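Working notes for the structure below.
First listed ligand is number 1; within each ligand, the first listed atom is number 1. The model shown is predicted, which means the values in this text are computed figures rather than measured ones.
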Amino acid sequence: MPGRDQEPRSYYVGVDVGTGSVRAALVDQRGILLAFADQPINQWEPQFNHHEQSSEDIWAACCVVTKQVVQGIDVNQIRGLGFDATCSLVVLDKQFRPLPVNHEGDPHRNIIMWLDHRAVSQVHRINETKHSVLQCVGGVMSVEMQAPKLLWLKENMRETCWDKAGHFFDLPDFLSWKATGVSARSLCSLVCKWTYSAEKGWDDSFWKMIGLEDFVADNYSKIGNQVLPPGASLGHGLTPEAAKDLGLPAGIAVAASLIDAHAGGLGVIGADVRGYGLACEGQPVTSRLAVICGTSSCHMGISKDPIFVPGVWGPYFSAMVPGFWLNEGGQSVTGKLIDHMVQGHAAFPELQAKATARCQSVYAYLNSHLDLIKKARPVGFLTVDLHVWPDFHGNRSPLADLTLKGMVTGLKLSQDLDDLAILYLATVQAIAFGTRLIIEAMEAAGHSISTLFLCGGLSKNPLFVQMHADITGMPVVLSQEVESVLVGAAILGACASGDFASVQEAMARMSKVGKVVLPRLEDKRYYDKKYQVFLKLVEHQKEYAAIMKGD
Ligand SMILES: Nc1ncnc2c1ncn2[C@@H]1O[C@H](COP(=O)(O)OP(=O)(O)O)[C@@H](O)[C@H]1O
Ligand SMILES: O=C(CO)[C@H](O)[C@H](O)COP(=O)(O)O
């Protein structure tokens with residue numbers, strides 16, 4: 001009998017649409033990534049807190065990268081296709097053509113991105129209703145969810161957008177519709193971002209109460225009245241038109257999609273950890289927390305029974321791993337914050353020139369620069385008098401306060417490369433302290449987490465990974481495949497093809513441990529003190545706001 005390695009290869013294509021780029025991978029049935037391609041996508045910020053994209057631009061990028069990863073292989077071995085994407089809102093008219101979401105009327109910009117904060121007044125009013133659906137989003141709805149954005153469109157673009165709109169899609173569902181012509185929505189997007197309940201369906205009273213009774217009247221046809229579990233096979237598979245666009249055979253299985261963070265969760269959380277000496281070995285999968293770190297970071301914890309964590313989204317049933325409840329903590333900007341701090345510093349041009357001369361990324365250069373200046377002490381100790389509060393775009397979890405701002409304390413007159421490197425380090429540490437705060441909130445509510453599984457662009461940064469281990473005191477597992485979000489998307493394609501009986505089976509076969517990073521427990525006292533300062537920062541920020549509000 002041939003060994004596993006001689007098994008005929010089945011291939012799956014995963015497509016991951018992040019905030020900044022679209023990525024595709026060709027993955028085999030063992031979860032090995034055989035080809036990878038990526039392509040940046042356009043983003044518009046026509047005014048502060050308005051962030052828009054184009055669904056046509058994104059689909060075109062999906063086609064470019066997919067064609068690249070299947071070049072030179074026998075496409076008949078491709079068994080399935082899976083998409084994941086950010087939870088952005090796509091608006092189409094009744095003929096499925098893009099509709100502008102801006103007053104300039106630019107039809108290319110038909111997506112209100114997840115990080116768009118235009119609907120502040122709308123979300124405030126939604127939260128004032130105290131409707132029971134809010135219990136399943138941590139008690140407070142985020143401005144980044146779809147209901148406030150829909151209400152904004154109705155209140156601000158009634159004639160040019162709202163009245164003409166025929167279809168509102170979450171981006172992952174738009175992609176599966178483009179590929180198959182099937183407009184069924186994934187349970188993942190509807191439950192996590194649209195207040196749909198896996199058990200009870202839509203709640204008419206919520207939509208009526210917030211002024212969007214229109215959806216109830218037409219039986220939710222514009223936002224989805226056919227719902228499928230992630231990984232379910234859609235319609236008759238890939239349409240001939242989409243097959244031509246993507247360079248794939250018509251009719252291959254296409255899966256109901258996932259939001260990108262959830263695909264990352266599938267890509268990492270089910271790995272076989274035997275032999276690594278981890279606390280989660282032999283323990284239920286609920287002791288693992290997947291942290292997907294890209295433009296934002298998402299903290300995905302699962303449980304057998306629903307757990308209500310104030311300020312943390314969920315509990316959502318079967319929205320990531322079937323049969324499990326999901327809680328999703330998050331930080332709205334992490335990769336974006338690091339980029340912002342580094343690129344905005346006076347020494348950035350010098351950094352760029354030096355990194356280019358060494359053929360390194362600016363982050364690799366900064367990490368080695370920190371190693372040079374740390375002398376005999378651990379690198380993390382360079383920030384003894386520099387502290388950052390990272391909520392430059394509000395706090396998603398666990399404070400659920402979009403009015404919070406970023407803070408830096410300990411600035412000096414110097415603006416040289418040392419100064420930039422230390423500010424970068426303090427920012428990375430602040431993000432890790434934010435993760436610690438989220439974990440503490442989840443544990444206080446009933447989760448029991450022992451091990452972190454990191455993926456996403458920031459997991460390629462060894463300093464970011466080590467700081468997460470040191471500051472949370474937990475081991476961090478990195479996957480064998482760096483692009484684990486794409487493994488998650490391919491798992492969806494594999495499930496849709498019928499090659500695996502369940503998502504759990506596909507996860508166990510296709511996600512694998514690559515490396516374990518242990519916390520430096522000898523530095524714990526230092527980080528505990530910095531954490532105390534971290535908590536004081538937000539306390540003080542609230543005090544400042546109260547002083548300024550007073551007479
Ligand atoms: N090789 C790298 N080293 C360090 N940081 C990286 C690297 N690649 C990406 N990043 C960081 O990851 C972030 C983007 O992650 P990514 O997962 O690509 O984002 P998204 O899915 O939101 O498009 C960037 O903001 C950057 O800070
Ligand atoms: O809300 C989210 C997931 O529920 C994500 O933050 C959003 O989808 C953006 O992801 P990324 O930072 O990878 O671009």
Would you please classify the geometry between the Trp325 ring and the Phe317 ring as parallel, tilted or perpendicular, with 30° and 60° separating the classes?
-> tilted
Can the positive tip of Lys405 be found less than 6.0 Å from the middle of the six-membered ring of Phe392, inside 45° of the ring normal?
-> no
What residues come within 4.0 Å of ligand 2, counting heavy atoms only?
-> Thr19, Thr86, Cys87, Trp114, Lys193, Ile259, Asp260, Ala261, His262, Thr295, Ser296, Cys298, Trp313, Glu328, Arg396
What's the spacing between Tyr365 OH and Leu420 CG if we round to 0.5 Å?
-> 10.5 Å
Would you say the side-chain atoms of Gln53 and Ser88 include a donor-acceptor pair closer than 3.5 Å?
-> no
Pro172 and Phe83, any side-chain heavy atoms less than 4.5 Å apart = no
Would you call the rings of Tyr527 and Phe381 parallel, tilted or perpendicular if under 30° counts as parallel and over 60° as perpendicular?
-> perpendicular
Atom pair CD (Gln466) and CD1 (Ile471), whose distance is rounded to the nearest 0.5 Å | 10.0 Å
Which atom pairs, nitrogen or oxygen on both sides, join ligand 1 and the protein at under 3.5 angstrom?
unit_1   : atom_1 : unit_2 : atom_2 : d
ligand 1 : 17 (O) : Gly457 : N      : 2.9
ligand 1 : 18 (O) : Arg23  : NH1    : 3.0
ligand 1 : 21 (O) : Arg23  : NH2    : 2.8
ligand 1 : 22 (O) : Thr19  : N      : 3.4
ligand 1 : 22 (O) : Thr295 : N      : 3.1
ligand 1 : 22 (O) : Thr295 : OG1    : 2.5
ligand 1 : 23 (O) : Thr19  : N      : 3.1
ligand 1 : 23 (O) : Gly20  : N      : 3.0
ligand 1 : 23 (O) : Arg23  : NH1    : 3.4
ligand 1 : 25 (O) : Gly335 : O      : 3.3
ligand 1 : 25 (O) : Asp339 : OD2    : 2.7
ligand 1 : 27 (O) : Asp339 : OD1    : 2.9

To the nearest 0.5 Å, what is the distance between NE2 (His447) and CG (Leu289)?
-> 8.5 Å
Is Arg396 salt-bridged to Glu144, going by a charged N under 4.0 Å from an acidic O?
-> yes
